[in-house]
Structures are given as C-alpha cells and as structure tokens.
Amino acid sequence: RRSELKHQQAEDDSKNEYGMVLIQGGCFDMGDIFDRGSVDEKPVHTVCVSDFYLGKTEVTQKQWEDIVGDNPSKFKCDDCPVERVSWQDVQDFIKKLNEKTGRNYRLPTEAEWEYAARAGSKTKYPWGDEIDDDYLWYAGNSPREIPHVGKKKPNAWGLYDMMGNVWEWVEDW
C-alpha cells in the first residue's frame, strides 16, 4: 500500500525533505463522471478543497525505514514505494514522522487525493482518454509487477504515479 503525505503548513518546497507539491485548491465533480465505476463512486457531486501540499511521489521504502526502522515491503528496493502496509501502519509512520520533524503531516482526504490525481483534467485519465504507458505502471508494462517511484511522467501538477503502481491510502473512508 502507498501512503501519500499531506502537509498542512505552507512552506517552501525546497526546504521540505519529502518533496511536497503545492496543490492549489478548487472545486471539481467527484465520483464516477464516466459512468463506468462501482456503486460507491456515485452519485457524482461537486466538492471544493482548499490549498494543500502533497508528496510528489509515494513514500519510498528508504523513507519508511528511516522513520519506522523496518521495511515490510515484498519487493525490496530503497527507491521503490513502501507496500504491504495497513492504514494503521501508515498512521504510526505519520506519528513518528511528525515527532521527528516537528511538522503536522497527515494523509490526504479522498476528495483531496482524487482532485490531485485528476490534476484539473476532464478526460478519462489525467493525460487523456486512452491508456498511456508513459504515465502509469500496471501488470502489462511492469516487469514482474515490481512497483516503482517517479519513473513515468508526472501528471499536470507534478505528481508521479497517481494512477496504477500501488494502492493509495487516504485519511477518511
């Protein structure tokens, strides 16, 4: 599982060790706008989010190990995303990270995550209406399905691997 970090305090990205990207707030239609998803993605509704910071990549195994002291991932690689972590594991990581840094990190809400993943697009995918291997990892283009961090093109807002790769955790349900 992947843990995206949101930082609640405005700060200069160059001073942030986790490479946070400022996401300008706005409103969007949240949910299954193309009528191809599951029932929990309906009804489509307008949601507005405030400005927030989000990590430009997933938390890497090295970052996780530096904070927690172990690496629960199946595929070991310092620069790979941490995976095989529960929501509670992520909460424990964030608590330790906040203690270490003196900052106030948390997971993004589902609305913040979807807003950031879409990056202002109105298309089926953030980059257009067709699958594009330049932007995402999935079983069809990933050798042995090993997860990666930041090897594909970012979305329009500079966020990597928002589609495909590994599962995302959010703060709310």
Side-chain angles (χ1 to χ4, degrees), residues 1-60 63 75 79-83 85 87 90 94 104-143 145-173:
R1 302 261 180 194
R2 158 182 165 154
S3 107
E4 293 269 349
L5 295 177
K6 175 187 170 178
H7 190 274
Q8 296 176 335
Q9 300 168 345
E11 63 182 57
D12 178 358
D13 188 47
S14 66
K15 295 178 185 173
N16 188 313
E17 67 270 36
Y18 287 97
M20 305 301 267
V21 174
L22 175 62
I23 307 299
Q24 298 289 328
C27 299
F28 73 111
D29 289 332
M30 183 174 173
D32 182 15
I33 61 175
F34 292 100
D35 199 28
R36 60 181 168 79
S38 61
V39 69
D40 66 342
E41 297 176 76
K42 297 175 183 175
V44 174
H45 55 289
T46 301
V47 174
C48 298
V49 298
S50 300
D51 293 356
F52 61 98
Y53 282 87
L54 193 65
K56 68 182 173 182
T57 68
E58 293 113 341
V59 172
T60 67
Q63 290 169 329
F75 301 104
D79 294 327
C80 293
V82 68
E83 24 95 8
V85 293
W87 186 87
V90 173
I94 291 170
N104 189 21
Y105 291 102
R106 68 167 173 84
L107 289 170
T109 65
E110 179 184 10
E112 289 166 338
W113 186 90
E114 186 172 329
Y115 179 74
R118 289 184 181 195
S121 70
K122 303 284 187 207
T123 54
K124 190 173 179 181
Y125 303 102
W127 56 81
D129 288 318
E130 302 297 325
I131 293 288
D132 185 337
D133 285 0
D134 289 340
Y135 289 92
L136 81 155
W137 292 108
Y138 61 100
N141 72 354
S142 180
E145 298 183 38
I146 296 172
H148 308 272
V149 171
K151 305 286 188 213
K152 298 290 187 174
K153 291 180 180 179
N155 71 13
W157 293 348
L159 301 170
Y160 291 85
D161 306 314
M162 294 297 285
M163 303 287 291
N165 210 29
V166 293
W167 286 92
E168 314 290 336
W169 281 122
V170 294
E171 188 65 30
D172 54 354
W173 299 101

Please round to the nearest 0.5 Å and tell me the distance separating atom [atom1] of [X] and atom [atom2] of [Y].
X      : Y      : atom1 : atom2 : value
Met162 : Trp113 : CE    : CH2   : 5.0 Å
Leu159 : Lys56  : CG    : NZ    : 10.0 Å
Tyr160 : Trp137 : OH    : CH2   : 13.5 Å
Ile131 : Lys124 : CD1   : NZ    : 7.0 Å
Met163 : Tyr125 : CE    : OH    : 6.5 Å
Asp79  : His148 : CG    : NE2   : 12.0 Å

Are [X] and [Y] close enough that some pair of their side-chain heavy atoms sits under 4.5 Å apart?
X      : Y      : answer
Glu112 : Leu54  : no
Pro81  : Asn165 : yes
Glu83  : Glu58  : no

>> Before you tell me yes or no, could you show the steps for Val49 and Met30 under side chain to side chain contact (heavy atoms under 4.5 Å, CB included), namely the whole-Å CA-CA distance, both residues' side-chain angles and the distance that decides it to 0.1 Å?
In response: CA-CA 11 Å; Val49 298; Met30 183 174 173; over 6 Å; no

>> Could you work out, with side-chain contact (heavy atoms from CB on, under 4.5 Å) as the rule, every residue matching Asp40, not counting sequence neighbours?
In response: Ser38

>> Among residues at least two apart in sequence or on other chains, which ones pass side-chain contact (heavy atoms from CB on, under 4.5 Å) with Glu171?
In response: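 Glu171: side-chain contact (heavy atoms from CB on, under 4.5 Å) contacts with Trp87, Gln91, Arg106, Leu107.
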
>> Tell me whether the rings of Tyr115 and Phe52 are parallel (<30°), tilted (30 to 60°) or perpendicular (>60°).
In response: tilted

Give the minimum heavy-atom separation between [X] and [Y], together with the two atoms involved.
X      : Y      : result
Val166 : Pro147 : CG1-CB, 3.4 Å
Thr46  : Cys27  : CG2-CB, 4.3 Å
Asp32  : Gly37  : OD2-N, 2.7 Å
Val21  : Gly158 : CG2-O, 4.1 Å

>> Between Lys122 and Asp29, does any side-chain N to carboxylate O distance fall below 4.0 Å?
In response: no

>> Checking the side chain of Trp127 only, and the main-chain atoms of Lys153 only, is there a donor and an acceptor separated by less than 3.5 Å?
In response: no

>> Main chain of Pro126, side chain of Asn155: is a donor-acceptor contact present, judged purely on distance under 3.5 Å?
In response: no

>> Does atom NZ (Lys42) have a neighbourhood of more than 12 heavy atoms from anything else shown, all under 6.0 Å?
In response: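 Yes.
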
>> Out of the candidates Asp134, Leu136, Asn141, Asp132, only one should pair with Lys152 under the side chain to side chain contact (heavy atoms under 4.5 Å, CB included) rule; please name it.
In response: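 Result: among Asp134, Leu136, Asn141, Asp132, Asn141 is the only option passing the side chain to side chain contact (heavy atoms under 4.5 Å, CB included) with Lys152.
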
